[in-house]
Amino acid sequence: MRFVFNLIGLFSSALNIAEASFGRCMILSVCIDSSGQGCSAYSQLTSAMNFAYAQHYDYTVRILNTSSHAELNHKSGRIRKDIGQAMWERFPFVLSQMRDIINSSENYTHIMYIDSDAYLRPNAPSFADFFAPYGYNADLYLSMDVMSLDDEFYKINDGVMVFKVNQANIALLEELSDEDILRKRHPNTQVNGKSDPGFLHEFARRGGLDQDLVREFLFRNLSGILDRTAIIPFGCLETFRNEQEESLVDHMPFKSVQHRIQYFSAVLRGDLSELPASSKPNPQWKLHHSHSRLQCGHRVIPNV
């Protein structure tokens, strides 16, 4: 089954310069749930919060719920069909939506991809206001991961990604989605002394995460990705389990479906006090972040 919900609105003519830099925005999320007892059980809760945020700023939300990889493969134009993992559908889905925007009269400036177990806080600032300190000149905005060290700029979490709608990101998303294109464009990438960018594909075959692929792109600066990416400290663009209450997005990874339902229901009620300790921030995260020199409002500057 496929459900696409749209909230399409126009910004008022009184937009200021900052808002114009982050104009009409699209928020995308995808849930692949063959059993009907996985992400679809809690995505309706996060979707409600994402719609509330979007309504406030006249953004568009498109949520793709499907029980079949085959349907999503068809809709996204995904080429690597042998990878039976939902997470590897993120880049093809964003790519298909960006192509549609560029090939139509839709005037979106940015696309946010957000995992189905994450939500935008309804009282959070607009994208224009939130990203202003990080500059509007980036093509891609990413958050560092929860336990990344200050100098591990490439260790990002791709549960939340913001793409500027342009041809440069079309090219990047093609490489992240299609191994044949990757090999053609990067024939001399060295891996263990061999020129074989196909190693990126092996992350998926071994059960790895698609964010490992992005990390390799950042670490190796493939396609000059570092030159046009704003990497943001953890806890600013994204946090886990409400550790940082002022983040734009709150994410609930690593937990069971029931944990997620319980957590997001409590968020919707506005009362997290009765949640079990297992649904609250890991104390090790707080200790780790207390030693970080990175601050919200400043990009992580890679030492490369």
> Of all residues at least two apart in sequence or in a different chain, which pass the salt bridge (charged side-chain N to carboxylate O under 4.0 Å, His left out) check with E174?
R99, R185
> Has S29 got a side-chain atom pairing as donor or acceptor with I114's backbone, closer than 3.5 angstrom?
yes
> Which of parallel (below 30°), tilted (30 to 60°) and perpendicular (above 60°) describes F240 and F254?
perpendicular
> Decide whether L149 and V214 are clustered together by the hydrophobic rule: side chain heavy atoms of Ile, Leu, Val, Met, Phe, Trp, Tyr closer than 4.5 Å, transitively.
no
> Check the hydrophobic clustering (I, L, V, M, F, W, Y; side-chain heavy atoms under 4.5 Å; chains of links allowed) and say if I170 and L213 are grouped together.
yes
> Sub-3.5 Å donor-acceptor pair from the side chain of K155 to the main-chain atoms of M147, do we have one?
no
> Mind checking salt bridge (charged side-chain N to carboxylate O under 4.0 Å, His left out) for D100 and listing every partner two or more places apart, or none if nothing turns up?
none
> With sequence neighbours excluded, tell me which residues meet side-chain contact (heavy atoms from CB on, under 4.5 Å) with S104.
E106
> Any ion pair linking R90 and D115 (charged N to carboxylate O, less than 4.0 Å)?
yes
> Return the set of residues passing salt bridge (charged side-chain N to carboxylate O under 4.0 Å, His left out) with R215 (not counting sequence neighbours), or none when no residue passes.
D145
> My understanding is that only residues two or more places apart in sequence, or in another chain, count here; which of them pass side-chain contact (heavy atoms from CB on, under 4.5 Å) with K280?
L275
> Supply the atom-to-atom distance I231 CD1 to S148 OG, rounded to the nearest 0.5 angstrom.
10.0 Å
> Would you give the length of the straight line joining atom CE of M49 to atom CZ of F51, rounded to the nearest 0.5 angstrom?
13.0 Å
> For Y119, which of V267, L45, V249 qualifies under side chain to side chain contact (heavy atoms under 4.5 Å, CB included)?
V267
> So among F127, F131, F130, which one has a ring pair (Phe, Tyr, Trp, His ring centres under 6.0 Å) with Y141?
F131
> Could you state the interatomic distance from CD1 (I261) to CE (M252), rounded to the nearest 0.5 Å?
11.5 Å
> Report the residue from N166, I225, T229 that forms a side chain to side chain contact (heavy atoms under 4.5 Å, CB included) with L172.
I225
> Using every non-hydrogen atom in the two residues, find where Y42 and D117 come nearest and quote the distance to one decimal.
CE1-CB, 3.6 Å
> Test of understanding: clusters of I, L, V, M, F, W, Y form through side-chain heavy atoms closer than 4.5 Å, transitively. Do L268 and L272 belong to the same one?
yes
> Among side-chain atoms of D250 and T239, is any donor-acceptor pair under 3.5 angstrom?
no
> First locate atom SG of C236, then atom CD of Q244, and finally report the distance between them rounded to the nearest 0.5 Å.
7.5 Å
> Tell me every residue that passes salt bridge (charged side-chain N to carboxylate O under 4.0 Å, His left out) with E246, counting only those two or more places apart in sequence or in another chain.
none
> Rounded to the nearest 0.5 Å, how far apart are CG of L237 and CG of L248?
6.0 Å
> Is a side-chain N or O of S247 found less than 3.5 angstrom from the main chain of E238, in a donor-acceptor match?
no
> In terms of side-chain heavy atoms, does H289 have a donor or acceptor partner in S292 at a distance below 3.5 Å?
no
> Between the main-chain N or O of K255 and the side-chain N or O of R260, is there a donor-acceptor pair closer than 3.5 Å?
yes
> Rounded to the nearest 0.5 Å, what's the gap from OH on Y108 to CZ on R24? Could you check?
4.0 Å
